[in-house]
Chemist: 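Sharing a structure below in structure tokens format, with a few things to ask.
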Amino acid sequence: MSDKTPRGRARRTLWWLTALVALLAAILGVGIATGQAHWAPKLALDLEGGTQMVLAPEVSGDQQVTPDQLDQAVEIIRQRVDGSGVAEAEIATQGGRNVVVSLPGVPDPATRDLIQASANMEFRPVITAGPYEAVPKDQRTPTKDFPKPTAEPENGSDPNWITPQLAAEFEAYDCAAQAREQDREDLPADKPAIACQPGDEETGQPGVKYILGPVEVQGTDIAGADYGLVNTATGVSTNQWAVNLTFNGQGSDAFREVTQRLTPFPEGDPRKQFAIVLDGTVVSAPQSNAVITDGRAQITGNFSEQSAAALAEQLKYGALPISFSIESEQQISATLGADQLRLGLVAGLIGLGLVAVYSFFQYRLLGLVTIASLVVAGALTYLAIVLLGWSDNYRLSLAGIAGLIVAIGLTADSFIVYFERIKDELRHGRTLPEAVEYGWARAKRTVTASKAVNLLAAVVLYFVAVGNVRGFAFTLGLTAIADLVVVFLFTHPVMQLLAHTRFFGGGHRLSGLDPSLLGREPLYQGAGRIREFRPAAARTAAAPAPRRAQRSAKEAARRQTIAERRRAERLAAVGTPTDPGTPPADTTEEQK
């Protein structure tokens, strides 16, 4: 059979839909076989429970935390959590002092560090470097023997910043002991400071201890951050992960001035290095080999893909206004629980059942197409939710389930529009195959416009709202897309095939497409006979109306459009008899 016929195109379209569903199922099957995914969707905090962490601000003395600082911290932590892919998290203040972070499931160490880290980044020039460990006491240089500064320091790399006291402290500084301490004091921004860069056990790179100059570029001057693999000048990847930074105008100018000063230092001089300090620890201290004028810098170090992504997320959303420590951490149960999930699913089944009853009552066995379309839409939506849970850690909340239940009615609405268009074409005397094509040409514009509005509303709601409302918006938009896919790739092709069957195409009374019940008889009545266009009065005079014809007239009168009813009323007012099953000549124009 040629693919150019409606039935050929319908079969080909159904094959495409089958291939799409099979592809999604195969991807999910691979995820399950490799232990990375599950058949069931991931559930959100309200349905599964999770972990609740209370973050306490770290302040000294009588320092008080302001409400603005807490609100800013909540917003930054929310952006970090959302950016890490953890869905349906709840972040709020508690008692005007603490921040409570509730996450579904058990967060991994990287997520915990991402929430707690202040991500205060500074860029300082290196003045001198030394071993990671402290010099043994019996080998230390007396403080009076260190050279004294000969002049006031002229820039951040000037050795005159090193006083005898600072040099003695540098020798006695034990980086390993400092790394074990939980409470670390912030480094003074306008003074030299001692900071450490931990070693890397995998590469064997030892730790280094530095005396750094004052801050030359602030972390607040970072305009953007991302991560990726380092490439050589010839474009070859080194398989080394790095964080790429982009500075704003002020930061670009400051970075250019620093690199202009550091680049002329000879190879091997510590002052050629520029330390990148994150929360008091040196992440990397690369050499300046060229003057950077475009404000684009790259941090290299002992990064894995996960640590580089975490650092980029922290820098992208800025530093917390205050440092926090985890005061308590506990597992919490589901706030709504399995009962609410079960009731939500029951509500969905009840809605589906009511739609099925209405479809069978209104469209007879044509309602099977509606039910089958809803099943296909449900399968597509289910696969999408499970795959998103695997790839992007999407979690289904009770609000999301509400969106799925609402979508049942919205999806059925598309089929109703299509079926009513087909019935309109049948009333105008077309055969069912013609009515399916003409009705689809008119219905698809209405369905597409309707779903575009639904999708636009869902997108706006998703980006404007916060919390569980976003879950409702997400499922609403997802089901709108699934509805369009099903209407175009399943419902219409199935109707094209059914139109050529004896049961539906022949207009069986239980098919829901009986032209006599719609107020029209079929144009071709078999055995070479066609419909006779006679006035109703003539047919009444020729023979008494049978009971079926009377029922058909009542059914046709009940199904009249507004234009048909108004025309009948006008004709009745002037005394002209009319057949409720005869469509008026100007019906199409009035409907428009």
Side-chain angles (χ1 to χ4, degrees), residues 3 5-24 351-384 404 406-426 430-455 476-501 503-505 507-508 510-514 518:
D3 287 340
T5 64
R7 281 184 289 184
R9 291 196 299 269
R11 291 192 182 97
R12 187 174 57 190
T13 305
L14 289 175
W15 274 115
W16 277 111
L17 177 62
T18 304
L20 175 63
V21 175
L23 176 62
L24 295 178
L352 183 61
L354 292 176
V355 170
V357 170
Y358 172 80
S359 298
F360 286 123
F361 176 76
Q362 183 70 15
Y363 301 108
R364 308 298 192 270
L365 292 184
L366 190 61
L368 289 175
V369 179
T370 301
I371 301 303
S373 300
L374 287 174
V375 170
V376 175
L380 283 175
T381 305
Y382 180 83
L383 287 173
L404 296 177
V406 172
I408 294 175
L410 298 177
T411 303
D413 182 62
S414 302
F415 312 139
I416 293 174
V417 170
Y418 184 27
F419 294 160
E420 290 300 326
R421 292 296 189 188
I422 293 175
K423 294 166 75 171
D424 285 344
E425 298 298 333
L426 288 173
R430 301 187 190 278
T431 62
L432 183 56
E434 293 175 341
V436 167
E437 299 302 328
Y438 281 95
W440 173 246
R442 300 173 62 188
K444 67 180 180 184
R445 293 195 296 267
T446 306
V447 172
T448 304
S450 172
K451 295 308 162 188
V453 172
N454 289 347
L455 189 59
L476 193 64
L478 182 65
T479 51
I481 297 174
D483 184 16
L484 280 177
V485 172
V486 170
V487 169
F488 277 81
L489 300 186
F490 181 79
T491 308
H492 176 53
V494 167
M495 288 303 301
Q496 287 178 308
L497 295 178
L498 293 179
H500 293 85
T501 62
F503 183 81
F504 287 95
H508 192 279
L510 295 180
S511 68
L513 299 172
D514 184 357
L518 298 176

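Everything numeric here is computed off the predicted structure, so don't read it as measured data. Computed over heavy atoms, backbone and side chain alike; hydrogens, waters and symmetry mates excluded. By convention here, the first residue in the shown sequence is residue 1.
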Chemist: Quick check: closest heavy atoms across Ala377 and Ala482, and the distance to 0.1 Å?
Modeler: O-CB, 4.3 Å
Chemist: Under a 4.5 Å cut-off applied to non-hydrogen side-chain atoms, are Trp440 and Ile422 in contact?
Modeler: no
Chemist: Any heavy-atom pair between the side chains of Tyr363 and Val369 that's under 4.5 Å?
Modeler: no
Chemist: For Phe503 and Leu510: C-alpha separation, side-chain torsions, deciding distance, then whether side-chain contact (heavy atoms from CB on, under 4.5 Å) applies.
Modeler: CA-CA 9 Å; Phe503 183 81; Leu510 295 180; 4.0 Å; yes
Chemist: Do you know which two heavy atoms are closest between Ala443 and Arg421, and how far apart they sit?
Modeler: CB-CG, 3.7 Å
Chemist: With sequence neighbours excluded, what pairs up with Tyr438 under the side chain to side chain donor-acceptor pair (under 3.5 Å) test?
Modeler: none
Chemist: Determine whether Leu410 and Leu476 make a side-chain contact, defined as any pair of heavy atoms from C-beta on separated by less than 4.5 Å.
Modeler: yes
Chemist: With Phe415 as reference, evaluate Leu374, Val447, Leu366, Ile371 under the side-chain contact (heavy atoms from CB on, under 4.5 Å) test and give the passing residue.
Modeler: Leu374
Chemist: Please report, to 0.1 Å, the donor-acceptor pairs under 3.5 Å made by any side chain of residues 483-498, with sequence neighbours excluded.
Modeler:
residue: Asp483; atom: OD2; partner: Ser414; partner atom: OG; Å: 2.7
residue: Asp483; atom: OD2; partner: Lys451; partner atom: NZ; Å: 2.8
residue: Thr491; atom: OG1; partner: Ser373; partner atom: OG; Å: 2.9
residue: His492; atom: ND1; partner: Tyr418; partner atom: OH; Å: 2.8
residue: His492; atom: NE2; partner: Gln496; partner atom: NE2; Å: 3.4
residue: Gln496; atom: NE2; partner: Glu437; partner atom: OE2; Å: 2.7

Chemist: Kindly compute the distance separating CZ (Arg430) from CG (Asp424), expressed to the nearest 0.5 Å.
Modeler: 11.0 Å
Chemist: Looking only at heavy atoms, which two atoms of Leu455 and Gly477 are closest? And how far apart?
Modeler: CD1-O, 3.6 Å
Chemist: Quick one: does Ile408's side chain get under 4.5 Å of Leu354's, heavy atoms only?
Modeler: no
Chemist: Between atom OG1 of Thr446 and atom CD of Glu420, what is the distance when rounded to the nearest 0.5 Å?
Modeler: 12.0 Å
Chemist: Looking only at heavy atoms, which two atoms of Gly367 and Ser359 are closest? And how far apart?
Modeler: CA-CB, 3.8 Å
Chemist: Going from OG1 on Thr431 to CD on Glu425, what distance comes out if it is rounded to the nearest 0.5 angstrom?
Modeler: 10.5 Å
